[in-house]
Colleague: 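Encoded as structure tokens, here's the structure I'll be asking about.
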Number of protein chains: 2
Amino acid sequence: MPGDHKPKTANGKIVRSTKQRQAILDILTKQQSHLSAEEIYQAVKITQPRISLGTVYRNLEILTELGSIYRNSFADGKARYESATIGHHHHLVCINCQDIENLTACPMAQDIGNLAQSHDFEPLEHYFEVYGYCGKCRRKD
Amino acid sequence: MPGDHKPKTANGKIVRSTKQRQAILDILTKQQSHLSAEEIYQAVKITQPRISLGTVYRNLEILTELGSIYRNSFADGKARYESATIGHHHHLVCINCQDIENLTACPMAQDIGNLAQSHDFEPLEHYFEVYGYCGKCRRKD
DNA sequence: ATCGCTGCAAATCATTTGCAGCAGC
DNA sequence: GCTGCTGCAAATGATTTGCAGCGAT
């Protein structure tokens, strides 16, 4: 059926729209912050009290695959998610208060192009995170 | 006692030299690759058959704290370690064969200095990883 | 009526930790 | 001999998965 563009996952399954999935996406879109699966679970429970953590993980996986959200693994080994409406960006992570600030500029777009040439490598994604102290925490110490 | 510089961890304990710790450091120094705790465990068992995985983790923690090795968490959520003798660098990670190539140049040293100014942030460390296909895998597909 | 999705619970995987004996310094 | 280190096993924390019923198309 030409013109039919139902979203599908990598394994070819059609993706349905459920209130659980919509609630998760809503939270990530509204909060505009970097939430862990557990934090998302706690937030979704307000509107969907019977949702399970397993469902949260399954939906985060699907939404990541669809490109609706980004998954980031930071140095603490825990994955955090954010809405993809913000577009490509990087992170300043405070090692004291754990706050994450987004860096809207991507200074290495050009560098990556050069890498492709000099290292025989086809770049698809890249991650750049800076760890340190945010202004607030620096002044507190 | 001035002139006395025994290595210590953050909690002030003196660090002793043990054959288990030395074996782990040897492997990382010789292999010059990015090994997971489990891979290191398997490699150390050849010379230290009675070593436990717990000891491997404890030593990786101490060696990281001392700055003898680097810990990196990649997108698969697993930590990988490498000898610090190589110096600061970044990574090209192949999402097909999982091979990791080191990037000796750090193109963002200057960018990070600018960030400090414009974002009221004190940078301590930074990570930069590019995910994509290495030359070998690109030609295979 | 399909077949994807859900809640629940149990399973898995990486990593951490309590403990009693052992080993550097 | 003090005290950090080890092996072992059990505990933790994040994430995944099997299953039977439910719900979206």
Side-chain angles (χ1 to χ4, degrees), chain A residues 1 4-25 34-42 44-66 68-69 71-81 98, chain B residues 1 3-25 34-66 68-69 71-81 98:
Chain A
M1 191 194 299
D4 188 9
H5 294 290
K6 291 182 196 288
K8 294 184 188 176
T9 56
N11 54 53
K13 290 189 178 178
I14 290 169
V15 175
R16 292 182 180 161
S17 165
T18 67
K19 46 184 165 21
Q20 290 89 339
R21 178 132 59 225
Q22 195 53 51
I24 291 171
L25 194 51
H34 305 73
L35 300 176
S36 66
E38 179 66 35
E39 289 167 336
I40 294 167
Y41 173 52
Q42 295 302 334
V44 181
K45 273 205 294 192
I46 297 169
T47 61
Q48 306 289 326
R50 298 187 52 78
I51 199 173
S52 75
L53 189 50
T55 296
V56 172
Y57 273 105
R58 274 184 281 232
N59 278 312
L60 290 173
E61 166 99 42
I62 292 172
L63 290 169
T64 302
E65 219 188 302
L66 294 177
S68 307
I69 64 176
R71 165 192 279 132
N72 284 96
S73 26
F74 292 102
D76 67 350
K78 219 188 293 189
R80 293 177 183 282
Y81 301 82
Q98 316 300 327
Chain B
M1 191 194 294
D4 187 9
H5 293 290
K6 292 183 195 291
K8 295 183 190 176
T9 56
N11 53 54
K13 289 189 178 179
I14 290 169
V15 175
R16 292 180 181 161
S17 165
T18 66
K19 45 182 165 19
Q20 290 89 338
R21 178 132 60 226
Q22 195 53 52
I24 291 170
L25 195 50
H34 305 74
L35 300 176
S36 66
E38 180 66 35
E39 289 167 336
I40 295 167
Y41 174 53
Q42 294 302 333
V44 181
K45 273 205 292 193
I46 297 169
T47 61
Q48 308 288 327
R50 297 187 52 77
I51 199 172
S52 75
L53 188 51
T55 295
V56 172
Y57 273 106
R58 273 185 282 233
N59 278 311
L60 290 173
E61 167 98 41
I62 292 173
L63 290 169
T64 302
E65 221 187 302
L66 294 177
S68 307
I69 63 177
R71 165 191 280 132
N72 284 96
S73 24
F74 292 102
D76 67 350
K78 220 189 291 191
R80 294 178 182 279
Y81 301 83
Q98 316 300 327

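Computed over heavy atoms, backbone and side chain alike; hydrogens, waters and symmetry mates excluded. A note on names: the letters A, B, ... follow the listed sequences, proteins ahead of strands, and every chain is numbered from 1.
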Colleague: Determine, for nucleotides 18-25 of chain D in 5'-to-3' order, which nucleotides have protein heavy atoms under 4.0 Å from the base (write B), from only the sugar-phosphate (write S), or from neither (write -).
Modeller: BB---BBS

Colleague: I want to check one thing: is the phosphate of C:dG4, taken as OP1 and OP2, less than 4.0 Å away from some side-chain N or O of A:N11?
Modeller: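 A:N11 to C:dG4 OP1/OP2: no side-chain N or O under 4.0 Å.
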
Colleague: Rounding to an integer number of Å, can you tell me how far B:I62 CD1 sits from C:dT15 P?
Modeller: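 Roughly 16 Å, once rounded to whole Å.
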
Colleague: Within this structure, what is the CD-to-P distance between B:E65 and D:dC5, rounded to whole angstrom?
Modeller: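 One finds 11 Å between P of D:dC5 and CD of B:E65, rounded.
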
Colleague: Rounded to the Å, how far apart are B:L63 CG and D:dC5 P?
Modeller: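 Atom-to-atom, B:L63 to D:dC5, this comes out as 11 Å.
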
Colleague: If you define the side chain from C-beta out and look only at heavy atoms, does anything of A:K19 sit under 4.5 Å from A:Q48?
Modeller: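 Sidechains of A:Q48 and A:K19: in contact.
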
Colleague: Could you tell me which non-hydrogen atom of B:L25 sits nearest to which non-hydrogen atom of B:S68, and how far apart they are?
Modeller: CD1-CB, 4.2 Å

Colleague: Is any NZ, NE, NH1 or NH2 atom of the basic residue among B:R80 and B:E39 found under 4.0 Å from an Asp or Glu carboxylate oxygen of the other?
Modeller: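 A salt bridge is present here (some side-chain N lies under 4.0 Å from a carboxylate O).
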
Colleague: Listing time: all N or O pairs from protein to nucleotides 13-16 of chain D that are below 3.5 Å?
Modeller:
{"from": "D:dA14", "atom 1": "OP1", "to": "A:K78", "atom 2": "NZ", "distance (Å)": "3.4"}
{"from": "D:dT15", "atom 1": "OP1", "to": "A:A79", "atom 2": "N", "distance (Å)": "3.0"}
{"from": "D:dT15", "atom 1": "OP2", "to": "A:Y57", "atom 2": "OH", "distance (Å)": "2.5"}
{"from": "D:dT15", "atom 1": "O5'", "to": "A:Y57", "atom 2": "OH", "distance (Å)": "3.2"}

Colleague: First locate atom CD of B:Q20, then atom OG1 of B:T18, and finally report the distance between them rounded to the nearest 0.5 Å.
Modeller: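 Atom-to-atom, B:Q20:CD and B:T18:OG1 are 4.5 Å apart.
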
Colleague: Is B:Q20 near enough to D:dG7 that one of its side-chain N or O atoms lies under 4.0 angstrom from OP1 or OP2?
Modeller: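 Checking D:dG7 against B:Q20, a side-chain N or O does come within under 4.0 Å of OP1 or OP2.
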
Colleague: Between A:R21 (side chain only) and A:L60 (backbone N and O only), is there a donor and an acceptor less than 3.5 Å apart?
Modeller: no

Colleague: Within this structure, what is the CD1-CD1 distance for the pair A:I24 and A:I40, rounded to the nearest 0.5 Å?
Modeller: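 Reported to 0.5 Å precision, the distance equals 7.0 Å.
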
Colleague: Tell me: CZ of B:F74 to C1' of C:dC13, nearest whole Å?
Modeller: 19 Å

Colleague: Tell me: CG of B:L60 to C1' of C:dT15, nearest whole Å?
Modeller: 11 Å

Colleague: Give me the atom names and distance for the closest heavy-atom approach of A:I51 to A:V56.
Modeller: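 So the two residues come closest at CD1-CG2, 4.1 Å.
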
Colleague: OP1 or OP2 of C:dG4 less than 4.0 angstrom from a side-chain nitrogen or oxygen of A:R21, does that happen here?
Modeller: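 No, no such contact exists.
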
Colleague: Quick one: does B:E61's side chain get under 4.5 Å of B:R71's, heavy atoms only?
Modeller: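 SC-SC contact between B:E61 and B:R71 confirmed.
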
Colleague: Report the distance from atom CD of A:Q48 to atom P of C:dG7, rounded to the nearest whole Å.
Modeller: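 Answer to the nearest Å: 8 Å.
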
Colleague: What's the NZ-P distance between B:K45 and D:dT6, to the nearest Å?
Modeller: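 Interatomic distance, NZ of B:K45 to P of D:dT6: 17 Å.
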
Colleague: Can you tell me the distance, in whole Å, between the CD1 atom of B:I51 and the P atom of D:dC8?
Modeller: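 Between P of D:dC8 and CD1 of B:I51: 11 Å.
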
Colleague: Within this structure, what is the CZ-OG distance for the pair B:R50 and B:S52, rounded to the nearest 0.5 Å?
Modeller: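 These two atoms lie 10.0 Å from each other.
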
Colleague: Can you name the closest pair of heavy atoms from B:T47 and B:A23 and give their distance?
Modeller: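 Closest approach of B:T47 to B:A23, heavy atoms only: OG1-CB, 4.1 Å.
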
Colleague: Locate the shortest heavy-atom distance separating B:S73 from A:A75; write the atom from each residue and the value.
Modeller: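 Heavy atoms of B:S73 and A:A75 come nearest at OG-CA, 3.6 Å.
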
Colleague: According to the Watson-Crick and G-U wobble definition with distances under 3.5 Å, which dot-bracket string, read 5' to 3', encodes DNA chain D, using [ ] for crossing pairs and | for pairs with another strand?
Modeller: ||||||||||.|||..|||||||||

